[in-house]
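Following: one structure in structure tokens, then a few remarks.
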Amino acid sequence: MTLQTESNFHQPGKRFFRRYSAGDAFYEALIEMHRDLSDEQSAKANAKLILLLANHIGDLNILRQALEKARSEL
Amino acid sequence: MFQTHENLRYEYRRSPDQDAPATIHHPLIVIGAGPVGMTAAIDAAQQGIPVLVLDEENTVSIGSRAVCYSKRALEILDRLGCARPMIAKGVTWNVGKVFFRDELVMQFDLLPEAGHKIPAFINLQQYYLEEYLIGRMDELDNLELRWKNRVTAVENGVDQVTLTIATPEGDYPLSCDWLIVADGANSPTREYLGLESSGQWFLDRFLIADVVMKAGFPPERWFSFDPSYHRGRSTLLHRQPDDIWRLDFQLGWEADPEEEKKPENVIPRVRAMLGEDTEFELEWCSVYTFRCRRMAKFRHGRALFIGDAAHQVSPFGARGANSGIQDSDNLIWKLQLVMAGKAPERLLDSYSDERVFAADENIMNSTRSTDFITPKSGVSRTFRDAVLELSRNEPFARALINSGRLSDATFLTESPLNTTDRDEFAGDMFPGAVMLDAPIEGTGRERWLIELAGNRFTLLYFIDDAASIDPLLLQAFQALSENAIPVRTIIVAGRGGASQGIQTVIDAQGIAKKRYDAIDGTSYLLRPDQHITARWRGFDHDRVISAVETATANC
Ligand SMILES: Cc1cc2nc3c(=O)[nH]c(=O)nc-3n(C[C@H](O)[C@H](O)[C@H](O)COP(=O)(O)OP(=O)(O)OC[C@H]3O[C@@H](n4cnc5c(N)ncnc54)[C@H](O)[C@@H]3O)c2cc1C
């Protein structure tokens with residue numbers, strides 16, 4: 001398995017009529033999660049989020065690819 | 001400042017209504033001759049409703065406002081007989097590009113496939129759009145437009161609406177059965193009736209500059225995040241007719257609008273963007289803040305709110321005038337049926353329900369764009385910039401870049417006017433969707449499927465060989481055209497012709513068949529506003545009649 005880098009946002013049971021809608025809905029939810037948080041709280045929430053998602057993905061091959069991409073070109 | 005366009009001043013004329021001993025009554029009055037009120041008036045007049053339009057001004061939009069008009073809005077204006085000059089004068093474009101720190105990171109094509117009469121978008125100054133609408137209004141005998149008629153009071157009665165109108169020669173009263181309120185974002189009528197439109201302001205300011213220049217840029221939408229000439233903020237470049245270019249600079253909330261719009265402050269910004277050697281003239285500039293808001297309901301008894309009066313969006317996505325024109329499209333056929341006694345008044349509540357649903361989608365999309373363009377917090381900016389950085393190499397990040405999701409038609413899939421599918425279909429032509437266009441050929445000048453629908457209920461009946469249709473079926477189609485609310489059948493065939501006065505068109509390239517996932521016998525029922533309201537794998541007269549009743553609140 002390789003890291004999915006094509007757009008992949010979707011929601012089972014819901015039909016999105018526009019290609020951008022599912023991704024935009026995720027992005028909105030992400031920003032909404034941070035609403036009214038201090039910078040410190042936001043950093044902590046981001047860390048927890050990454051840990052939750054990483055465990056969900058589980059496959060270390062995928063996670064290592066993502067870790068590498070995230071660190072490059074900063 | 002340099003001027004490429006001079007606004008015509010239209011004459012105030014005294015109306016005999018002003019000298020009448022008693023209040024004169026009109027069936028339908030529209031307040032506001034902006035793009036949306038004029039669209040509604042033309043549609044009403046074309047559908048046989050005599051209509052009076054009142055506007056407090058005596059000219060079209062002053063300076064620079066709406067630029068981008070969408071395919072759906074133009075399809076509606078085409079049905080109203082006025083899109084041709086708009087498309088001829090406008091700059092047609094499909095491609096948008098997004099730059100991040102001067103590097104191209106994303107490109108989109110809004111109409112990637114051929115086979116549509118109307119382009120994805122045109123750019124046209126709002127004053128031209130309004131002039132063409134006025135030109136069309138002049139051709140309609142049952143439509144009257146009164147300039148310099150300012151509505152100063154409105155009373156929304158049970159049986160009729162009464163208005164007070166101020167003119168240069170004093171006040172006079174009018175009454176009407178139905179009132180369409182299209183008096184813009186600051187709608188005075190909303191206030192007269194004690195109603196409000198609520199939502200949020202965005203804490204950012206934008207400098208809009210229109211410049212005249214001969215430039216070699218292509219007709220594309222160029223959106224730049226953090227360009228070297230305007231660090232930390234965004235800009236937009238877009239071409240309009242007459243060698244005018246729309247430039248848009250994000251300024252931030254702290255900017256002083258009065259200072260920023262002084263030409264001596266605007267010109268250096270423009271020069272930095274266009275390059276030292278580009279010659280240009282400044283034609284218009286202003287500084288805007290934007291908000292998103294809507295009324296809770298768009299129908300209040302006999303008063304029907306449309307356009308900016310009913311809802312307002314930030315302009316990223318060009319969802320303002322474009323959605324207002326779709327309000328009109330949704331409303332007028334319903335009003336026509338109600339006024340003709342063929343549908344109950346509650347059909348007009350479905351106007352509110354359907355267009356509130358659409359307004360929420362427009363507000364949602366333009367809010368998401370605004371939040372991406374103007375991040376509200378440090379962490380929000382970090383994510384935004386991470387998306388832009390990733391977009392250089394990662395396709396998923398490109399798809400997340402939100403520089404404005406351009407106006408598209410809402411799928412009214414939740415509407416109770418739709419008949420729920422009983423058969424299986426692939427594709428997007430759900431009940432509640434706007435019909436997709438396709439090239440067709442007829443015996444006359446027919447070229448496009450979309451031109452054959454609209455203004456009435458239409459049944460599209462798909463078949464490979466039209467000559468093979470059973471004469472009994474043709475009689476059933478004939479019977480539909482004699483229904484109290486008539487339904488006109490159009491046979492969309494691969495070949496052949498049918499008789500008995502039923503129109504057949506040939507889908508030579510099979511594009512319509514594909515877009516509608518059709519096989520022999522597939523039937524689509526279209527509303528007068530070109531929305532699909534029901535579809536079946538076979539034709540059944542009673543089901544069609546029942547779907548018409550559902551779509552008109554007659555059951
Ligand atoms: C910078 C900018 C860029 C934009 N870009 C786009 C774009 O690209 N695409 C897009 O679709 N939209 C765009 N918009 C939005 C678009 O301009 C509006 O949505 C559109 O003008 C709304 O039309 P309307 O007919 O509802 O209202 P208006 O155009 O505001 O017209 C209202 C009319 O009512 C009249 N009136 C008001 N009060 C009274 C009264 N008491 N009596 C009689 N008459 C009255 C006024 O004189 C006016 O003619 C933009 C807006 C701005 C500011």
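Every chain is numbered from 1, with letters handed out A, B, ... down the list of sequences.
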How about Asp327(B) and His311(B): does a side-chain donor come under 3.5 Å of a side-chain acceptor? yes
Is a side-chain donor-acceptor pair under 3.5 Å present for Ser403(B) with Arg221(B)? yes
Quick check for you: among Ala386(B), Ala433(B), Ala409(B), which has the greatest number of heavy-atom pairs under 4.5 Å with chain A? Ala409(B)
Basic-acidic side-chain contact under 4.0 Å: [X], [Y]:
X         : Y         : result
Glu68(A)  : Arg64(A)  : no
Arg527(B) : Asp329(B) : no
Asp408(B) : Arg319(B) : yes
Arg233(B) : Asp226(B) : no
Arg294(B) : Asp360(B) : yes
Glu389(B) : Arg101(B) : yes

Mind checking the [atom1]-[atom2] spacing from [X] to [Y]? Nearest 0.5 Å is all I need.
X         : Y         : atom1 : atom2 : result
Leu406(B) : Asn322(B) : CG    : CG    : 9.0 Å
Gln250(B) : Thr374(B) : CD    : OG1   : 4.5 Å
Asn330(B) : Gln326(B) : CG    : CD    : 9.5 Å

Please flag which part of Ser21(A) lies under 4.5 Å from any non-hydrogen atom of chain B: side chain, backbone, both or neither. backbone
Under a 4.5 Å heavy-atom cut-off, does chain A meet the side chain of [X], its backbone, both or neither?
X         : answer
Asn365(B) : side chain
Arg398(B) : neither
Phe411(B) : side chain
Thr382(B) : neither
Ser380(B) : both

Tell me the residues of [range] whose non-hydrogen atoms fall below 4.5 Å from those of chain B, in number order.
range                     : answer
residues 37-48 of chain A : Ser42(A), Asn46(A)
residues 3-11 of chain A  : Thr5(A), Glu6(A), Ser7(A), Phe9(A)
residues 22-35 of chain A : Gly23(A), Asp24(A), Ala25(A), Tyr27(A), Glu28(A), Leu30(A), Ile31(A), His34(A)

Ring-ring centroid check Tyr524(B) Tyr516(B), cutoff 6.0 Å: yes
Is there side-chain contact between Met435(B) and Arg515(B), with at least one heavy-atom pair below 4.5 Å? no
Residue pair Ser323(B) / Ser407(B), side-chain heavy-atom distance below 4.5 Å: no
Honestly, is Arg537(B) close enough over Phe425(B), meaning NZ or CZ under 6.0 Å from the six-membered ring centre and within 45° of the axis? yes
Sorted by chain and residue number, the salt bridge (charged side-chain N to carboxylate O under 4.0 Å, His left out) partners of Lys376(B) (sequence neighbours excluded) come out as Asp371(B)
